[in-house]
Structures are given as C-alpha cells and as structure tokens.
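Notes to accompany the following structure.
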Amino acid sequence: MIVALDGPAASGKGTLARRLAAHFGLPHLDTGLLYRATARALLDADEPLDHGPAAVAAARGLALTDFEEARLRGRDMGEAASIVAAIPEVRRTLVEAQRRFAQRPGGAVLDGRDIGTVICPDAEAKIFVTASPQARAQRRALEHARAGEPVPFAVVLADILRRDERDASRSVAPLRAADDAVTLDTTALDIAGAFAAAVAIVEAARSRRPG
Ligand code: DC
C-alpha cells in the first residue's frame, strides 16, 4: 500500500507521515529532505540557489539515506528548498528515486507537495493535509522557540505565506490536492486527533482496494 501525504509547510504532514508509517509498518520518505539537501549542497558550494545546472548536479549527487537532518531543518533551509524545488530539471532529476522508494514491496509512506499528483498518482491512499496559515505559523513559531531561536510570529507567518505562494504557483508540480485526495484540515486538531483521522482515511482507502 502506498500512502501519499501532501500539504503546505507546517501543516502537520511530516508528523502524520512518520506516525502512519510506524502504525502500518511501512518505510517513510520525507521528500522535502531531498530538496533541502539539494539546497544545502548549493549553499555549501557557494552556488546561487537558482543556478539550474549546479542544482541538477547537486540533486544527482544525493544519497537517499544519510541526510544530516540537523543541517537541513533550519528556518532558512525551508525557504532555500522551495527556491530549488521550483527548477523543473531538479524535480525531474529527483522523480525516479522517489518512485523507486514508493515501489518497495509492501509499499511506503511518502510526504511532500506532489506525491499524490506526480510521484505516485496511483497511490491507494492520498491525504491532503492542511491548516490555516495562522495555525501553521503558530506551530512553527513554537518549534523555533523550543529550539532556542525565537522568531516573531509575524515573521514566521510571512515566511509561510511566501513559501505557500511559491510552492503553489510554480510551473511544474505545484502544490495542490490530487482530485482523489481526502483533505484533512488540522487547524483545530491536536496531534492525536489528526493522527486518528489520518488512520481512518487510510483504513477506508485500504478497504476499498480490489482483492
Ligand atoms: O516539506 P518541507 O517543508 O520540508 O519542504 C521544503 C520545500 O521543498 C517546500 O517548500 C517545497 C519543496 N518540496 C517540493 O517542492 N516537493 C516536495 N515533494 C517536497 C518539498
């Protein structure tokens, strides 16, 4: 069974994907890490983030495992990843590795922006996880504060709105819900509530599977 989760920044899709993977005993790929690692490699090499050939070379050089997450999670890296992710050749370079991951025997859980639409259009379960920009900004601001790097709420909200706009308006594989995805709005849900709702969506999709 392939479970595809898509949604905007800080919607909760990463946490849900991790928990669903543990619950159903499936491997999990956070595809945002691929774009973050590509951006990190460009920054480390002092290349501009919108340099197509350098970005493609960086994407080709990625190993799918082995991400140094601490260096990829910082506040600036989400923004940098979003810039790199708008380059069509970078997306093309990363498609195959994601599809291979999804085709593992038994299936997988993948989360990102284009999993249900482009990477795994035939996924058995598709969830579009969303929440209001204010709720997402509040969560992000709390994460920054907990990490000892407080950022004013208005700045976090502006970051999120800018990233939503870029991710949803790019020409290739923009952020959008697949026509057959179930939307899960987590604005008013805590993690336990969102997880219970996500499990119910996957179970319902699984019970509709032929055979
Ligand atoms: O999910 P995330 O915040 O780690 O993603 C960082 C950026 O990477 C996001 O703003 C857009 C890009 N991304 C993408 O374009 N497609 C994906 N499948 C995953 C992430």
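For this chain, numbers begin at 1 and follow the sequence in order. When a ligand or atom number is given, it counts from 1 through the structure's own listing order.
- Using a 4.0 Å cut-off between heavy atoms, R170 contacts ligand 1 through its side chain alone, with no backbone atom that close.
- Among the candidates D6, T183, L20, the single residue satisfying the side chain to side chain contact (heavy atoms under 4.5 Å, CB included) test with I127 is L20.
- Near A81, meaning under 4.0 Å from any of its heavy atoms, are these atoms of ligand 1: 6 (C), 7 (C), 8 (O).
- Between the side chains of S82 and R166, at least one donor N or O sits under 3.5 Å from an acceptor N or O.
- Taking CG from L34 and CG from L29, the interatomic distance works out to 5.5 Å, rounded to the nearest 0.5 Å.
- Every residue meeting the side chain to side chain contact (heavy atoms under 4.5 Å, CB included) condition with V95, not counting sequence neighbours, appears here in chain and number order: R99, I119.
- At least one heavy atom of R91 sits closer than 4.0 Å to an atom of ligand 1.
- Heavy atoms of R166 found under 4.0 angstrom from ligand 1: none, in either backbone or side chain.
- Counting heavy atoms from C-beta outward, R170 and I83 have side chains that stay 4.5 Å or more apart.
- Proximity of a side-chain donor or acceptor of T130 to a complementary backbone N or O of G7 within less than 3.5 Å is not detected.
- Protein heavy atom in closest approach to atom 17 (C) of ligand 1: R113 N, 3.4 Å.
- Residues E124 and R206 fail the side-chain proximity criterion, which asks for heavy atoms closer than 4.5 Å.
- Near T31, the atoms of ligand 1 lying under 4.0 angstrom from a non-hydrogen atom of the residue are 17 (C), 18 (N), 19 (C).
- Polar contact with ligand 1: absent for Q98 (N/O pair, distance under 3.5 Å).
- Residues that satisfy the side-chain hydrogen bond (donor to acceptor under 3.5 Å, both in side chains) test with D114, not counting sequence neighbours, are R91.
- In this structure, the protein non-hydrogen atom closest to atom 12 (C) of ligand 1 is A85 CB, 3.6 Å.
- For a threshold of 3.5 Å applied to N or O pairs, the pair formed by R163 and ligand 1 contains at least one separation below that value.
- The N/O atoms of Y35, backbone and side chain alike, include none that comes under 3.5 Å of an N/O atom in ligand 1.
- Using a 4.0 Å cutoff on heavy atoms, K13 counts as a contact of ligand 1.
- Protein heavy atom at the shortest distance from atom 4 (O) of ligand 1 is R36 NE, 2.7 Å.
- The CG atom of D190 sits 12.5 Å away from atom CZ of F195, with the distance rounded to the nearest 0.5 Å.
- For ligand 1 and G112, the ligand atoms under 4.0 Å from any heavy atom of the residue are 17 (C), 18 (N), 19 (C).
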